[in-house]
> 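Dropping the structure in here first, questions after.
Please read all numbers here as calculations on a predicted model, not as lab measurements. Within every chain, numbering begins at 1; the chains are lettered A, B, ... in the order of the sequence lines, protein sequences first and strands thereafter.
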Number of protein chains: 2
Amino acid sequence: MIQLNDKKYTCPIDFSLSFIDGKWKILILSHLHYCSNRSYSDFCNNLPGVSEKMLSQQLKELERDKLIIKTILSKKPYRVEYALTEFGKTLTPLYQFLSDWGIQYLKQNGIDYIKDQHLYK
Amino acid sequence: MIQLNDKKYTCPIDFSLSFIDGKWKILILSHLHYCSNRSYSDFCNNLPGVSEKMLSQQLKELERDKLIIKTILSKKPYRVEYALTEFGKTLTPLYQFLSDWGIQYLKQNGIDYIKDQHLYK
DNA sequence: CTGAATCCTATAGGATACTG
DNA sequence: CAGTATCCTATAGGATTCAG
């Protein structure tokens with residue numbers, strides 16, 4: 001049992017997972033990976049089904065864990081943008097793998113995501 | 001929006017995640033990766049905190065998704081063993097990365113998991 | 001030993017309305 | 001635009017007991 005900051009983890013993987021648990025975190029991170037500097041509403045529009053509550057909650061946790069950083073662009077009109085930190089970028093192989101793995105498996109099920117990407121908007 | 005078998009996914013990553021969601025799946029899979037052919041009670045003993053309900057539920061889903069396979073070793077006494085399928089092994093980079101990433105980050109927090117692994121049993 | 005079945009609770013998560 | 005706050009529900013998940 002690993003202990004760090006009053007929390008316990010059964011193994012390193014369990015520890016890693018603690019950064020990316022929650023329904024939307026990996027999707028938020030990967031969106032930032034493929035398209036950096038996104039606004040709050042960008043996420044709303046590109047994460048079908050996310051509720052505002054979850055979005056702001058997960059964004060806050062990701063920010064707390066230093067995986068993303070929020071920059072206030074202007075006070076009025078109030079504008080912000082989110083981006084991956086250097087630390088958040090160290091998870092790049094994760095997004096990449098999950099994406100590649102999914103694409104490959106979808107292909108075996110007759111769905112060519114790359115070729116027909118425009119269909120899946 | 002990608003549709004497959006009556007389910008919808010926002011992107012390939014979302015699709016991949018559908019195989020590994022649930023609190024214990026990745027840990028179960030990684031345990032099988034590092035130590036193949038485990039029995040039901042092996043999991044009970046090596047996944048601190050897992051309830052029997054969750055364990056059997058997640059094992060069943062993993063089996064349904066063809067990521068693991070259950071072999072009945074003997075009828076009486078009733079004995080089984082679980083192992084990764086070839087398909088399940090295609091997720092190996094995932095376990096590996098999450099493990100490496102966690103170990104590295106732990107190290108930066110003064111925890112040398114490799115060297116002191118015996119302490120974390 | 002390997003689970004399935006029940007029952008229960010906490011929390012994840014959604015919908016909506018509101019604020020600077 | 002970028003969130004908060006509130007209220008509500010569904011489900012994840014735990015504890016325990018039972019069964020082949």
> How many Å lie between CD on B:Q57 and C1' on C:dT2, as a whole number?
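One finds 16 Å between C1' of C:dT2 and CD of B:Q57, rounded.
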
> Let me know the distance between CG of B:L59 and C1' of C:dA4, rounded to the nearest Å.
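Going from B:L59 (CG) to C:dA4 (C1'), I get 13 Å.
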
> Less than 4.0 angstrom between a side-chain N/O of A:S39 and OP1 or OP2 of D:dA2, yes or no?
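Answer is yes, contact under 4.0 Å.
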
> Over how many whole Å does the gap from A:K25 atom NZ to C:dA12 atom P extend?
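Interatomic distance, NZ of A:K25 to P of C:dA12: 10 Å.
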
> Starting from P on C:dT19, measure out to OH on A:Y78 and report it in whole angstrom.
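After rounding, the reported distance stands at 18 Å.
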
> For the side chain of B:S41 and the backbone of B:C44, is there at least one donor-acceptor N/O pair under 3.5 Å apart?
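The answer is no, because no donor-acceptor pair under 3.5 Å joins these two groups.
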
> By the 4.0 Å heavy-atom rule, please label A:Y82 as base, sugar-phosphate, or nothing.
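Result for A:Y82 = sugar-phosphate.
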
> Atom CG of A:L47 and atom P of C:dG13: how far apart are they, to the nearest Å?
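Spelled out: CG on A:L47 to P on C:dG13 is 14 Å.
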
> Measure from the side-chain N and O atoms of A:T85 to the backbone N and O of A:K66, and report whether any donor-acceptor pair falls under 3.5 Å.
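Indeed, once roles are kept as given, a pair shorter than 3.5 Å links the two residues.
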
> Taking the side chain as C-beta and beyond, is there a heavy-atom pair between A:E61 and A:K25 under 4.5 Å?
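Yes - at least one pair of side-chain heavy atoms lies under 4.5 Å apart.
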
> Please report, rounded to the nearest Å, how far the P atom of C:dT2 is from the CD atom of B:E63.
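So the two atoms are 14 Å apart, to the nearest Å.
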
> For C:dT2 and B:S41 - does any side-chain N or O of the residue sit under 4.0 Å from the phosphate oxygens OP1/OP2?
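B:S41 to C:dT2 OP1/OP2: side-chain N or O found under 4.0 Å.
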
> Return the value, rounded to whole Å, for the distance between atom NZ of B:K70 and atom C1' of C:dT2.
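Going from NZ in B:K70 over to C1' in C:dT2 covers 8 Å.
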
> Looking at B:Y105 versus A:F87, is the centre-to-centre ring distance below 6.0 Å?
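That pair passes the under 6.0 Å test.
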
> Mind calculating the distance between NZ (B:K76) and P (C:dG3) to the nearest angstrom?
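Checked: the NZ to P distance equals 18 Å.
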
> Detail all sub-3.5 Å separations between protein N/O atoms and N/O atoms belonging to nucleotides 14-18 of chain C.
{"unit_1": "C:dG14", "atom_1": "OP2", "unit_2": "A:S51", "atom_2": "OG", "d": "3.4"}
{"unit_1": "C:dG14", "atom_1": "O6", "unit_2": "A:K53", "atom_2": "NZ", "d": "2.8"}

> If every non-hydrogen atom of A:V80 is compared with every non-hydrogen atom of A:Y40, which pair is closest and at what distance?
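What the structure gives for the nearest pair is CG2-N, 4.5 Å.
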
> Working to the nearest 0.5 Å, report the span between CG of B:L106 and CZ of A:F15.
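Those atoms lie 4.5 Å apart.
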
